[in-house]
Amino acid sequence: IWVWGSNKYGQIALQQKYHFVQIPVLLKCDITNPHIIACGDYHTMVVTTDGELYTFGQGRCGQLGTGNLENSFDPKLVPTFSKKDKIISIAAGGGFGCSHCLALTENSILYSWG
């Protein structure tokens, strides 16, 4: 995954010392086989080919799905989906100070949070 731009809240999953990146850099993380990526205003979602969901960035509205409101500068596995239905589609929203996420599973179950 190549990343660049603002990292103020960790939305490109680089260390806190990088506030803004102007040239694309390769993200070094534990996400194997990234398949789908969605970006909100200040958070990012990544689904693997196995259907696992990782999130990072701003978490103040619960949009990371990790059970807390903390920002994350590292990709975190969203535990709700780690052993359940395979995720086939995602969307990350934002605007007006609020952020949210949607995930659709292969069994046509739609989840939303944030």
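Source: prediction; values computed, not measured.
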Report yes if the side chains of Thr44 and Ile37 come closer than 4.5 Å at any heavy-atom pair, otherwise no. yes
Decide if atom CG of Asn107 counts as having more than 12 heavy atoms of other residues, nucleotides or ligands within a radius under 6.0 Å. yes
Measuring from atom CH2 of Trp2 to atom CG of Leu27, what distance do you get when rounded to the nearest 0.5 angstrom? 10.5 Å
As an exercise, state the distance from CD1 of Ile31 to CG of Leu53, rounded to the nearest 0.5 Å. 9.0 Å
Could you tell me whether the side chain of Met45 reaches within less than 4.5 Å of the side chain of Cys101, counting heavy atoms only? yes
Taking C-beta and beyond as the side chain, do Lys86 and Glu106 meet within less than 4.5 Å on heavy atoms? yes
Where do His43 and Gly93 come nearest, in terms of heavy atoms and distance? CE1-O, 3.2 Å
Measuring from Lys8:NZ to Asn71:CG, what's the distance to the nearest 0.5 Å? 10.5 Å
Begin with the C-alpha distance, continue with both residues' side-chain angles, and end with the deciding distance and a verdict on side-chain hydrogen bond (donor to acceptor under 3.5 Å, both in side chains) for Ser6 and Gln11. CA-CA 7 Å; Ser6 176; Gln11 63 265 44; 3.3 Å; yes
Compare every heavy atom of Pro75 with every heavy atom of Cys29, then report the nearest pair and how far apart it is. CB-CG, 3.9 Å
So do Val46 and Phe56 actually touch side chain to side chain, heavy atoms under 4.5 Å? yes
Verify same cluster id: Ile12, Leu77 (apolar side-chain graph, 4.5 Å): yes
How long is the straight-line distance from OH of Tyr9 back to CZ of Phe73, given to the nearest 0.5 Å? 9.5 Å
Could you check whether any side-chain heavy atom of Ile109 comes within less than 4.5 Å of a side-chain heavy atom of Leu104, counting everything from C-beta outward? no
When hydrophobic residues are tied together by side-chain contacts of less than 4.5 Å, even through go-betweens, does Val25 share a cluster with Ile1? yes
Under 4.5 Å between side-chain heavy atoms, counting indirect links through other Ile/Leu/Val/Met/Phe/Trp/Tyr residues: same cluster for Leu110 and Ile88 or not? yes
Can you spot which of Val47, Val78, Thr48 makes a side-chain contact (heavy atoms from CB on, under 4.5 Å) with Tyr54? Thr48
Using the rule that two of Ile, Leu, Val, Met, Phe, Trp, Tyr join whenever any of their side-chain heavy atoms come within less than 4.5 Å, decide whether Ile87 and Tyr111 are in one cluster. yes
Has the side chain of Glu52 got a donor or acceptor atom that lies under 3.5 Å from a matching backbone atom of Asp50? no
Answer whether the closest heavy-atom distance between the side chains of Asn7 and His19 falls below 4.5 Å. no
Residue pair Leu64 / Lys76, side-chain heavy-atom distance below 4.5 Å: no
From CA spacing to verdict: side chain to side chain contact (heavy atoms under 4.5 Å, CB included), Val3, Leu14: CA-CA 9 Å; Val3 298; Leu14 297 179; 4.3 Å; yes
